2 protein chains.
Amino acid sequence: MKAITIKDIAKKCGVGVSTVSRAINNHPDINEETRRMIMEVIKESNFIPNNSARNLKLSDTKTIGVLIKGIDNPFFQNMIKVFEEEIQNRKYTFILHRVDSSQDEVEVALELIKEKRLKGIVFLGGSFSHQEDKLQEIKIPFVLSTIAITDNVDKNLYSSVSVDDVYESKKIVDFLCDNGHKKIAILASYSTDMSISNLRLEGYRKSLRSRNIPINENLIRYTWDSPNSYSMENGYNLTKELINSKEEFTAIYAISDSMAIGACKAILESGKRIPEDYSVVGFDGLDITYYYNPSITTIRQPIEEMAKETTKILFDLINKKSKNQHKIFEGKLLVRQSTSKLDK
Amino acid sequence: MKAITIKDIAKKCGVGVSTVSRAINNHPDINEETRRMIMEVIKESNFIPNNSARNLKLSDTKTIGVLIKGIDNPFFQNMIKVFEEEIQNRKYTFILHRVDSSQDEVEVALELIKEKRLKGIVFLGGSFSHQEDKLQEIKIPFVLSTIAITDNVDKNLYSSVSVDDVYESKKIVDFLCDNGHKKIAILASYSTDMSISNLRLEGYRKSLRSRNIPINENLIRYTWDSPNSYSMENGYNLTKELINSKEEFTAIYAISDSMAIGACKAILESGKRIPEDYSVVGFDGLDITYYYNPSITTIRQPIEEMAKETTKILFDLINKKSKNQHKIFEGKLLVRQSTSKLDK
DNA sequence: TTGTATGCGTTATCAG
DNA sequence: CTGATAACGCATACAA
């Protein structure tokens with residue numbers, strides 16, 4: 001089977017290849033009539049230009065890549081739409097590219113940039129522990145969205161949009177403490193580079209310390225290091241363990257909403273009530289926390305605004321309107337049914 | 001900024017480009033020492049081969065594309081992993097490509113096939129209403145997974161893996177009826193081509209008819225035609241309407257689990273209980289239905305097996321081991337807390 | 001307005 | 001084992 005090319009079309013139309021090319025790409029300097037004729041033949045022949053050849057030739061394509069690590073994270077689902085919209089509004093092409101948890105996102109990015117001649121790139125998810133020189137390899141504007149930078153890299157080398165995980169985490173633990181809770185368990189994800197988990201854990205510690213509440217290490221539960229450590233299942237298992245242990249606690253803080261849901265299930269299954277017996281809080285602000293029964297108290301990250309700001313920064317960079325920026329959004333504490341004041 | 005190419009590497013190494021190419025692609029006929037030397041220089045130079053050029057040149061790449069329509073559908077999340085695994089196990093490269101709801105998936109497929117020299121392709125999601133001649137344009141093996149074909153296309157032109165939506169739908173409505181429910185509301189997605197919704201609706205009608213239960217059209221609720229018609233929000237709104245209307249009903253059948261969750265929320269919010277006042281059932285078998293409170297009765301589609309079978313069929317096709325196949329999986333009725341027997 | 005020729009970065013063929 | 005060189009399919013400068 002011989003694939004049909006632009007040459008075949010040219011031949012079939014009795015014109016030169018460049019004319020066909022011009023027709024395809026809506027060039028101005030082409031006779032409208034021949035253009036129509038060519039397009040007609042293209043339709044009939046089911047001709048589809050080869051993108052590889054095109055990308056190879058092109059020097060300037062208006063396209064933005066979004067690299068997403070952990071595409072199964074429900075947290076990202078709503079962001080994707082916003083990115084697509086924002087990027088297309090600016091007349092750029094939007095490419096979503098999933099990177100496997102075992103892959104190096106910068107490596108993948110570099111490849112994609114060359115292949116697709118990207119003008120800009122946004123990194124979504126994953127933990128970003130790369131050397132400075134590695135980042136400097138990326139010659140086009142990029143912004144890290146919803147990513148915690150672990151290492152001390154020069155802030156001038158990249159842009160970022162995020163929430164202050166420590167601060168927000170402290171906020172929600174503060175809320176629990178304000179409601180009389182002192183024995184607060186936390187479900188974290190244990191892993192060397194899962195920086196977000198560590199940051200939220202730090203917020204937890206900070207809150208307790210600030211109130212002189214002793215930290216009981218037995219109430220800090222880590223999941224196994226798995227690709228899906230923030231899952232409902234892990235939240236469920238950890239909570240089961242917790243309940244079965246002798247440790248006393250009055251509240252559970254799950255560092256992700258999914259884990260919080262798993263925690264709720266485990267509690268309810270054991271015959272206990274929420275929030276009468278245990279209060280539960282999550283983190284992220286997934287839609288499901290609103291729909292869950294009871295609805296779950298959580299910190300909502302303003303993902304739409306964050307996605308918009310991400311694209312804005314990216315395009316400012318592309319248009320040389322500004323230097324690298326770091327924008328931190330404030331999370332919103334959503335107090336719902338899963339938490340209650342503790343009666344002394 | 002001049003991008004670095006294979007030529008530069010060749011020059012830097014004092015060898016020919018072909019040798020560099022051989023080094024990169026692990027060709028057998030190359031001196032191991034020079035290979036190491038070249039790879040060293042490549043690392044140092046941060047050289048990354050241009051995929052476009054490569055794809056352009058290559059005639060046979062072992063890669064499979066998975067086209068997914070509605071990537072925000074949680075239903076697909078778990079399938080993706082299986083596809084990746086299965087495909088990589090067969091030493092093929094896996095490419096996930098998202099297609100927008102406004103795009104024509106076959107069009108996109110054709111483009112991707114040319115660009116990436118795909119060996120096979122799987123279509124995931126969306127409704128598939130294409131002309132036969134359009135399908136015949138796809139010259140490589142492909143299989144439709146979890147897609148209802150609306151039109152009467154020749155079964156020899158494609159392969160498919162699915163559940164029998166009418167049958168499964170009837171099954172779950174039968175279950176409700178067997179438990180004494182007669183006034184069963186259904187939350188459907190109304191849209192011309194949302195064939196899955198129509199199929200499930202048909203199963204609903206079939207079940208009721210087979211029991212001589214009159215069908216009350218007022219209990220059939222359609223969402224607005226939106227890109228996200230299967231959402232929790234829609235389930236919530238529809239159920240609100242239903243409750244506020246004068247219609248009596250004892251059970252709600254939501255044609256998706258997400259809608260079922262929305263329905264639950266609406267019911268609970270109105271002060272009613274599940275399943276004492278209303279029974280609720282969903283469809284799909286998302287994990288969340290297990291974790292929800294109450295856990296939700298649903299039909300679980302065996303997505304892992306379906307994804308595996310999909311890849312199996314695809315590779316059989318690629319290896320010419322078989323002709324187009326159509327595999328229908330049986331859904332599993334999961335009876336949980338959201339449903340109860342109706343006392344007369 | 002249109003056609004011809006060149007090159008984008010790789011891989012493969014074919015001599016050496 | 002290695003090095004020139006010809007494609008791959010397209011866009012574009014330049015010539016017509």
Side-chain angles (χ1 to χ4, degrees), chain A residues 1-39 41-42 45-63 93 110-118, chain B residues 1-39 41-42 45-63 93 110-118:
Chain A
M1 186 208 94
K2 202 78 200 74
I4 181 165
T5 78
I6 199 174
K7 257 185 197 163
D8 304 318
I9 300 295
K11 209 162 290 174
K12 211 173 281 191
C13 293
V15 301
V17 286
S18 44
T19 309
V20 179
S21 175
R22 278 188 272 262
I24 293 171
N25 299 296
N26 281 81
H27 257 74
D29 50 349
I30 179 174
N31 186 299
E32 186 52 37
E33 197 146 335
T34 52
R35 202 191 78 86
R36 241 198 300 276
M37 182 269 282
I38 291 172
M39 291 314 273
V41 175
I42 287 178
S45 320
N46 290 302
F47 166 66
I48 293 178
N50 184 317
N51 266 323
S52 287
R54 175 176 261 166
N55 287 328
L56 182 57
K57 186 67 192 164
L58 261 33
S59 51
D60 140 271
T61 54
K62 293 171 68 162
T63 118
T93 303
L110 260 15
E111 210 171 309
L112 202 61
I113 291 168
K114 272 207 175 182
E115 178 177 347
K116 302 286 192 179
R117 312 275 186 193
L118 298 185
Chain B
M1 186 209 95
K2 201 77 200 70
I4 181 164
T5 77
I6 198 174
K7 260 185 195 164
D8 304 319
I9 300 296
K11 208 160 290 175
K12 211 174 282 190
C13 293
V15 300
V17 284
S18 36
T19 308
V20 178
S21 177
R22 276 189 273 263
I24 293 171
N25 300 294
N26 280 82
H27 259 73
D29 49 350
I30 181 176
N31 186 300
E32 185 52 35
E33 197 145 334
T34 52
R35 202 190 79 85
R36 241 197 302 273
M37 182 269 281
I38 291 172
M39 291 313 276
V41 175
I42 287 178
S45 320
N46 291 302
F47 166 66
I48 293 178
N50 184 317
N51 266 322
S52 288
R54 178 175 258 166
N55 288 326
L56 180 59
K57 185 67 194 170
L58 260 33
S59 50
D60 139 272
T61 54
K62 294 171 69 164
T63 118
T93 303
L110 261 13
E111 209 171 309
L112 201 61
I113 290 169
K114 271 207 175 181
E115 177 177 348
K116 300 287 191 178
R117 312 274 186 194
L118 299 185

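All values derive from a computational prediction rather than experimental measurement. Just the heavy atoms: all of them, side chains too, but no hydrogens, waters or symmetry mates, feed the values below. Naming: A, B, ... by sequence-line order, numbering from 1 per chain.
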By nearest-nucleotide position on DNA chain D, the 5'-leaning member of V20(B) and I4(A) is V20(B)
For [X], which contact category applies under a 4.0 Å heavy-atom criterion: base, sugar-phosphate, or nothing?
X: I30(A); value: sugar-phosphate
X: N50(A); value: sugar-phosphate
X: V17(A); value: base
X: N25(A); value: sugar-phosphate
X: T34(A); value: sugar-phosphate
X: L58(A); value: sugar-phosphate

Please give, in whole Å, the distance from [N] [atom2] to [X] [atom1]?
X: R35(B); N: dG3(D); atom1: CZ; atom2: C1'; result: 19 Å
X: N55(B); N: dG9(D); atom1: CG; atom2: P; result: 12 Å
X: D29(A); N: dA13(D); atom1: CG; atom2: P; result: 10 Å
X: I113(B); N: dG9(D); atom1: CD1; atom2: P; result: 16 Å
X: L56(A); N: dC8(D); atom1: CG; atom2: P; result: 14 Å
X: H27(A); N: dC10(D); atom1: NE2; atom2: C1'; result: 12 Å
X: K57(B); N: dG9(D); atom1: NZ; atom2: C1'; result: 11 Å

Shortest non-hydrogen separation from [X] to [Y] and the atoms involved:
X: F47(B); Y: T5(B); result: CE1-C, 3.5 Å
X: I4(B); Y: N46(B); result: CG2-O, 4.4 Å
X: V17(A); Y: I6(A); result: O-CD1, 3.9 Å
X: V41(B); Y: S45(B); result: O-OG, 2.6 Å
X: R35(B); Y: A23(B); result: NH1-O, 3.6 Å

Could you tell me from which nucleotide to which nucleotide of DNA chain C, 5' to 3', there is an atom under 4.0 Å from chain B heavy atoms?
dG9(C) to dA12(C)
Distance test, side-chain N/O of [X] to OP1/OP2 of [N], below 4.0 Å:
X: T5(A); N: dG9(D); answer: no
X: S52(A); N: dC10(D); answer: no
X: S21(A); N: dC10(D); answer: no

Side chain of R54(A) - closest among dA13(D), dC10(D), dT2(D):
dC10(D)
Please examine the side chains of R22(A) and V15(A), heavy atoms only from C-beta on, and report whether any two atoms are closer than 4.5 Å.
no
Whether the side chain of R117(A) engages the backbone of L58(A) through a donor-acceptor N/O pair (distance < 3.5 Å, no angle test) should be reported.
yes
Please check if the side chain of T61(A) supplies one atom and the backbone of N55(A) the other of a donor-acceptor pair under 3.5 Å.
no
